[in-house]
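Worksheet: one structure, shown below.
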Amino acid sequence: MVGISAALAGLFFIIASAAFWYMGRAAKHPEGFGQIRLPADEAQRLMTDHVPARLHFSNISYTLPSNPNNPILEGITGSVKNGQVLAIMGASGAGKSTFLDILARKHKRGIVSGEVLVNGRAIPDSEFKKVMGFVDQEDTLMSTLTVYETVLYSALLRLPREMSFEAKKFRTLETMHELGILGIKDSYIGESGLDAYNAYNVVESLVSLARDYNRTVVFTIHQPRSNIVALFDQLIVLAQGKTVYAGEFAKCQDYFESIGHPCPPGFNIADYLIDLTMTEEVGPRSHVPTPPEIVLSDDGTNLGDEERGLGRPSSSRAGNTGLPTIPSAGAEEETELQTRPNTSSDTAA
């Protein structure tokens, strides 16, 4: 009996060692998940079939017919290149979600005005929706499904029909690995918000999607911690539906310092910007006769040739926020900021 027990213990040890070795290799080599392999031509097709998209939007406004004198959004202008991420920030009620809905061309009951260009040209909604994906901020999850099943079903509904089933399963596992949730793939789903660690993983994945696959990513975020903010390429800050800052994130802090609102040393710039827009606001939007409008522009190196010909005189005016308006760099053309250099390591447009 002692000999049999020792043999069983030895067998268990060997099996456990083999299991830990396999899991370790799977963690280090996410290109293989068990028997699931990415078809050899799939990775190449992701790049060869992709047309990089540069997004430029000018003077985006949104008004409800019931209250035409009180626009929800007014005069938002900016751009983001392929390979970049654009973060839209602002306090609650600033218009972030509405603005992202408009960029994604979701149906709105109000009146939308302004111009959105993709690679320098206006394209119809039918064409635009074929080349973009939109992830809503509301969770619609079934508690009877596991984490893996939830992500897989989303992949089956969203990924191209011509993409193989094996490739979709691989992408599901790869995404879960990137988000750090592969270890709980067989657990039943639970609905909750993201903690700071998982929020960072999500944004880091979006950045990787943009830079590694030359995608254009636009998302809203409320008040991220400092290591998340550091991942941004372009930033738009909204207050009361108008632009407080629009441009390269790397120049944001210097800009606010130049207008007399320096971020205190050691303070998270995201927290500071939200606090600044809240403390400078004067009551609800309907009580502000001149809403804030501050648009940061630069030398135009983030513009394509097509957008350069679409310039119009700047009509910015100072509002009641205590934050001054600065003119465009040249009254004859709208300009946007140059990109920060991409580095290899990602809702999205």
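Note that the structure is a prediction, hence the values are computed from the model and not measured. We use all heavy atoms of the structure for the numbers below, so side chains are in, but hydrogens, waters and symmetry mates are not.
- Listed for the T216 side chain is a donor-acceptor partner under 3.5 Å among the backbone atoms of A53.
- The side-chain heavy atoms of T172 and K185, taken from C-beta on, include no pair separated by under 4.5 Å.
- M142 has its side chain out of reach of Y153: every pair of non-hydrogen atoms, C-beta onward, lies at least 4.5 Å apart.
- At least one donor-acceptor pair closer than 3.5 Å links the side chain of E149 to the backbone N or O of T146.
- Contact detail for G110 and P65: the closest heavy-atom pair is CA-CD, 3.9 Å.
- Ring geometry for F249 against F232 counts as perpendicular: the plane angle is over 60°, on a 0 to 90° scale with 30° as the lower cut.
- R158 places a side-chain N or O within donor-acceptor distance of the main-chain N or O of F134, the cut-off being under 3.5 Å.
- At a threshold of 4.5 Å between non-hydrogen side-chain atoms, the residues L55 and V118 count as touching.
- The OG1 atom of T63 sits 7.5 Å away from the CD atom of E74 when rounded to the nearest 0.5 Å.
- Hydrophobic cluster membership is shared by L276 and I259, with clusters built from Ile, Leu, Val, Met, Phe, Trp and Tyr side chains linked at under 4.5 angstrom.
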Before giving the answer on side chain to side chain contact (heavy atoms under 4.5 Å, CB included), spell out for V147 and D186 the whole-Å C-alpha distance, their side-chain angles and the decisive distance to 0.1 Å. CA-CA 6 Å; V147 175; D186 296 322; over 6 Å; no
For I236 and F57: C-alpha separation, side-chain torsions, deciding distance, then whether side chain to side chain contact (heavy atoms under 4.5 Å, CB included) applies. CA-CA 12 Å; I236 289 180; F57 42 91; 3.5 Å; yes
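- At a threshold of 4.5 Å between side-chain heavy atoms, the hydrophobic network of Ile, Leu, Val, Met, Phe, Trp and Tyr places L179 and L141 in one connected group.
- Here the NZ-CG distance, from K242 to L73, works out to 11.0 Å after rounding to the nearest 0.5 Å.
- Closest approach of A239 to V244, counting heavy atoms only: CB-CG2, 3.6 Å.
- When each of V112, D101, I76, I111 is tested with Y62 by the rule side-chain contact (heavy atoms from CB on, under 4.5 Å), just one qualifies, namely V112.
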Could you check C252 against L273 for side chain to side chain contact (heavy atoms under 4.5 Å, CB included), going step by step and ending with a plain yes or no? CA-CA 10 Å; C252 174; L273 291 178; 3.8 Å; yes
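- Listed here is the closest heavy atom pair of P224 and A270: O-CB, 3.5 Å.
- Using a 4.5 Å cut-off on side-chain heavy atoms (C-beta onward), R54 and S79 make no contact.
- Closest non-hydrogen pair, H222 versus G90, comes out as ND1-O, 3.4 Å.
- Under a 3.5 Å cut-off, the side chain of D233 and the backbone N or O of V85 do form a donor-acceptor pair.
- With hydrogens and angles ignored, the 3.5 Å screen pairs no side-chain donor or acceptor of N67 with any backbone N or O of I72.
- How far OG of S226 is from CG of L231: 10.0 Å, rounded to the nearest 0.5 Å.
- Once rounded to the nearest 0.5 Å, the distance linking NZ of K81 with CD of Q234 reads 9.0 Å.
- Taking each heavy atom of K108 and I102 in turn, the nearest pair found is CG-CG1, 4.3 Å.
- Here CG of L86 is found 10.5 Å from OG1 of T220. Values are rounded to the nearest 0.5 Å.
- Cluster annotation: Y188 and M176 are assigned to distinct hydrophobic clusters (Ile/Leu/Val/Met/Phe/Trp/Tyr, side-chain heavy-atom contacts under 4.5 Å, transitive).
- The closest donor-acceptor contact from the side chain of S258 to the backbone of Y255 lies under 3.5 Å.
- No side-chain N or O of E178 forms a donor-acceptor pair with one of N201 less than 3.5 Å apart.
- Of all heavy-atom pairs spanning A91 and M278, the tightest one is CB-SD, 3.2 Å.
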When you look at I123 and R105, which way does the side chain to side chain contact (heavy atoms under 4.5 Å, CB included) test go after all the steps? CA-CA 11 Å; I123 63 174; R105 304 198 186 183; 3.9 Å; yes
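- A side-chain donor-acceptor contact under 3.5 Å links T77 to the backbone of N59.
- Put simply, the side chain of Y245 does not reach to within 4.5 Å of the side chain of T277, judged on heavy atoms.
- Residue F267 places its CZ atom among more than 12 non-hydrogen atoms of other residues, nucleotides or ligands, all under 6.0 Å distant.
- Judged by distance alone, the side chain of K168 and the main-chain N or O of A155 form no donor-acceptor pair under 3.5 Å.
- With sequence neighbours excluded, no residue satisfies salt bridge (charged side-chain N to carboxylate O under 4.0 Å, His left out) with K129.
- Taking NZ of K251 as the start and CG of L235 as the end, the distance is 14.0 Å to the nearest 0.5 Å.
- Remark: R171 engages E174 in a salt bridge, criterion side-chain N to carboxylate O under 4.0 Å.
- Side-chain N or O atoms of Y272 include one that pairs as donor or acceptor with a backbone N or O of P262 at under 3.5 Å.
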